[in-house]
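One structure is given below, encoded as structure tokens.
Just follow the structure's listing: the first ligand is 1, and inside any ligand the first atom is 1. Owing to the predicted nature of the structure, the values given are computational and were not obtained by experimental measurement.
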Amino acid sequence: MTRALGPRASIWASHAAGGWMVLIACWLPIGCLWSLWAAARLAAALTSGQVMPFGVDFALALARGQTSRMWSGTSTILVLALLAVLVAAIGAVVWVVWQRIAARLTLPGDPVAALVERADVRGLAPDATASRAVALRRSLTGRPPADLPRDDIGLVMGDVLKPSGETGATLFSSWEDTVVAFMAPRSGKTTTQSIPHVLSAPGAVIATSNKADLWSAIATVRAAKTGGKTWLWDPQRITYQPQEWWWNPLADLATVEDAHRLAGHFVLTVDDGQKKDLWGPAAQDLLCALLLAAATSDRTMHHIAQWLDEPAVPTPIELLQQAGFHLMASSLKGTQNGAVETRDGIYQTARTAAKCLRDQEILAWVTPQHELPVFAPDAFAASHDTLYLLSKSLSAAAPLIAALTDTAMRAAERRAEQSGGRLDPPMVVVLDEAANICRIADLPQLYSHLGSRGIVPVTILQSYEQGVTVWGEPGMAALWGAATRKLIGAGIDSPRLTRDLATLIGQHDVPIRSITYNEGRASEQISLRRQEILEAADIRALPAGTALLLATGTRPALIQLRPWYRGPHATDINAAIKNADTSITNAARDHHRRRTDLTSDD
Ligand SMILES: Nc1ncnc2c1ncn2[C@@H]1O[C@H](COP(=O)(O)OP(=O)(O)O)[C@@H](O)[C@H]1O
Ligand SMILES: [Mg+2]
């Protein structure tokens with residue numbers, strides 16, 4: 001029979017149990033007798049009495065009940081009371097010491113202990129990350145790293161989890177790291193990642209969300225903390241707040257490359273994979289031509305929607321020619337004059353990709369609204385403002401969110417180039433539900449250089465496969481490879497990812513105690529078995545609130561995440577959520593009442 005009991009198996013399961021019982025049986029009466037004697041000595045000292053010396057005579061006197069001989073001149077009640085106090089004090093000391101020892105004792109094969117022992121996370125600890133921050137941010141030059149506020153050091157990833165369940169050092173990602181996190185729904189993406197990162201970011205922030213929760217929780221708290229402006233993009237009335245600004249996707253769009261990039265955001269949201277493969281590239285070229293024609297002739301996104309509905313109209317071709325884009329003009333001419341089936345396939349795919357332009361409410365956010373200010377990406381990159389981009393999952397507005405995020409990130413890159421290579425303070429871009437609402441086509445490629453520009457992307461996905469559906473296998477592999485901090489939280493059901501992670505986490509030796517029964521006699525041996533520290537099933541079953549952190553250059557660490565409701569701003573955020581919820585409820589009521597009134601007037 002072989003059992004993984006290990007050398008520190010419970011004493012009851014080992015043959016040492018009998019020996020321990022005899023030892024305890026011998027020493028327990030002596031210990032009790034000594035405690036009584038010590039209590040008597042204490043009582044005698046208080047009452048100036050006499051106590052027999054500790055020894056056999058003392059025990060015999062106790063057996064005969066000769067208390068007056070044992071502690072002459074001292075009350076027995078006082079002795080018993082002091083005995084009770086002494087026993088309680090000894091018990092308390094033993095308990096505390098045992099707790100301390102038990103916390104350090106780990107079971108053989110304990111994965112948490114193995115991870116703590118092996119993980120070298122000094123590079124992610126506050127002091128090391130603070131030194132990196134001083135080196136990376138010009139505004140911090142000369143500051144002692146130890147004096148930096150936490151928010152200036154980097155983004156908090158979580159605390160090292162110890163075998164006792166306690167937590168150790170807090171781990172950070174620095175201002176040149178790029179983060180990707182995988183967590184199932186309701187396992188803390190918003191509470192442990194989006195909200196804390198947005199709140200702690202020292203500079204401009206872009207944050208996406210498919211619910212009102214992020215905006216409700218921190219819009220006012222962050223604005224009060226940084227003094228920055230809140231830009232809320234909510235064309236689908238998730239928060240029912242009025243539109244306060246608009247964005248011109250065509251502003252500064254002057255090259256074929258810019259137009260192609262913008263068109264790519266639209267085409268990437270086509271869900272029909274077959275259609276996307278067949279017509280996608282041509283639809284992207286078509287949109288590219290139309291976007292360029294509109295941008296170079298001071299037209300708006302509204303015109304693009306019209307041109308998409310009229311495949312034969314020559315206006316965009318003429319506009320491209322006037323602007324000097326002759327090759328684009330002839331490419332568009334070729335598309336318009338091609339075989340009808342081909343032309344319709346291309347136009348139909350482009351219309352699907354740009355379906356947001358047929359929604360008046362969405363279009364209002366990207367076409368001139370004369371009384372409202374226009375969003376300026378360059379000014380935003382230099383600010384402490386926050387851009388909250390809200391959209392329901394897989395909605396028509398998604399390509400515009402990707403395009404706006406991309407535009408703001410490129411503005412930040414331009415600013416970084418003009419200020420010594422890095423943006424300071426850094427920009428934090430938290431792409432929650434990225435696969436559903438913010439599909440930036442070349443995000444995997446951006447990951448390889450954003451960190452070096454002082455732009456810290458945090459892409460949060462529900463699973464690895466979700467990323468594969470957006471960026472394809474090679475794209476997702478590139479994103480995984482380029483992310484310097486990978487966080488794997490609860491509820492990861494992908495057999496492939498969990499198996500790969502088990503391999504990456506590595507193996508350790510577990511002591512195995514073998515017990516052999518032979519002719520009524522038992523013999524035991526201890527051997528070592530090499531096994532995975534965490535098996536795929538263990539990774540799949542990680543409890544909510546914990547995560548594996550794979551940081552470049554270190555072994556994987558198990559961490560306890562830090563949800564906002566256990567953080568320093570919990571009271572402010574709770575109050576903000578209450579206010580925001582009331583505001584959303586009132587605005588929603590007004591909105592529906594107005595709609596009902598309009599319908600009844602009709
Ligand atoms: N203020 C709070 N106090 C305690 N638990 C909360 C609080 N807010 C959210 N939670 C819980 O935290 C968990 C994770 O929520 P959330 O981060 O929104 O999930 P998701 O991963 O879908 O973004 C949920 O089970 C939610 O009920
Ligand atoms: Mg969420």
Side-chain angles (χ1 to χ4, degrees), residues 155-159 161 167 179-201 205-222 232-234 236 238-239 386-395 397-398 401-402 405 428-439 457-467 470 485-494 497 539-549 559-582 584:
L155 299 178
V156 173
M157 295 279 99
D159 304 316
L161 201 58
T167 51
V179 186
V180 62
F182 301 90
M183 283 181 210
R186 315 304 299 149
S187 56
K189 292 190 295 298
T190 306
T191 47
T192 69
Q193 302 297 305
S194 298
I195 292 180
H197 293 338
V198 173
L199 202 52
S200 67
V205 170
I206 305 173
T208 63
S209 179
N210 61 350
K211 281 184 270 173
D213 51 1
L214 178 69
W215 172 84
S216 301
I218 44 171
T220 50
V221 182
R222 181 170 154 82
L232 173 65
W233 164 278
D234 183 15
Q236 289 169 313
I238 294 173
T239 62
T386 318
L387 184 56
Y388 296 94
L389 303 171
L390 308 192
S391 156
K392 291 175 187 159
S393 288
L394 299 176
S395 87
I401 290 201
T405 308
V428 175
V429 183
V430 184
L431 306 178
D432 196 358
E433 303 287 346
N436 287 332
I437 56 170
C438 190
R439 296 180 171 190
V458 182
T459 300
I460 310 173
L461 302 168
Q462 287 179 12
S463 64
Y464 190 90
E465 283 71 13
Q466 206 189 27
V470 180
R485 300 279 184 270
K486 303 168 190 78
L487 207 59
I488 294 92
I492 295 305
D493 279 330
S494 158
L497 180 60
I539 297 169
R540 193 201 147 267
L542 276 180
T546 57
L548 280 164
L549 175 62
I559 60 170
Q560 177 87 52
L561 300 169
R562 290 182 162 217
W564 64 263
Y565 47 82
R566 286 200 219 113
H569 301 284
T571 317
D572 293 344
I573 297 177
N574 274 320
I577 291 176
K578 227 174 177 175
N579 283 340
D581 284 351
T582 315
I584 293 174

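Here the side chains of Ile492 and Leu542 are not in contact, with every heavy-atom distance at 4.5 Å or above.
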**Item:** Residue pair Ile460, His197: steps toward the side chain to side chain contact (heavy atoms under 4.5 Å, CB included) verdict
**Value:** CA-CA 12 Å; Ile460 310 173; His197 293 338; 6.0 Å; no

**Message:** Under the criterion side chain to side chain contact (heavy atoms under 4.5 Å, CB included), I'd like the reasoning laid out for Leu199 against Trp564: C-alpha separation, chi angles, the key distance, then a yes or no.
**Reply:** CA-CA 9 Å; Leu199 202 52; Trp564 64 263; 6.0 Å; no

**Request:** Begin with the C-alpha distance, continue with both residues' side-chain angles, and end with the deciding distance and a verdict on side chain to side chain contact (heavy atoms under 4.5 Å, CB included) for Thr239 and Ser216.
**Result:** CA-CA 8 Å; Thr239 62; Ser216 301; 5.8 Å; no

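Partner of Leu390 under the side chain to side chain contact (heavy atoms under 4.5 Å, CB included) criterion, out of Leu214, Asp234, Asn210: Asp234 alone.
Across all non-hydrogen atoms, the minimal contact from Lys392 to Ile238 is N-CD1, 3.7 Å.
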Contact table, ligand 1 N/O with protein N/O, distance under 3.5 Å:
unit_1: ligand 1; atom_1: 17 (O); unit_2: Thr190; atom_2: N; d: 3.2
unit_1: ligand 1; atom_1: 17 (O); unit_2: Thr191; atom_2: N; d: 2.8
unit_1: ligand 1; atom_1: 17 (O); unit_2: Thr191; atom_2: OG1; d: 2.7
unit_1: ligand 1; atom_1: 18 (O); unit_2: Arg186; atom_2: NH1; d: 3.4
unit_1: ligand 1; atom_1: 21 (O); unit_2: Arg186; atom_2: N; d: 3.4
unit_1: ligand 1; atom_1: 21 (O); unit_2: Ser187; atom_2: N; d: 3.2
unit_1: ligand 1; atom_1: 21 (O); unit_2: Gly188; atom_2: N; d: 3.1
unit_1: ligand 1; atom_1: 21 (O); unit_2: Lys189; atom_2: N; d: 2.8
unit_1: ligand 1; atom_1: 21 (O); unit_2: Lys189; atom_2: NZ; d: 3.1
unit_1: ligand 1; atom_1: 22 (O); unit_2: Arg186; atom_2: N; d: 2.9
unit_1: ligand 1; atom_1: 23 (O); unit_2: Thr190; atom_2: N; d: 3.0
unit_1: ligand 1; atom_1: 23 (O); unit_2: Thr190; atom_2: OG1; d: 2.8

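The distance from the Mg ion (ligand 2) to the nearest N/O/S atom of Asn210 is not under 2.8 Å.
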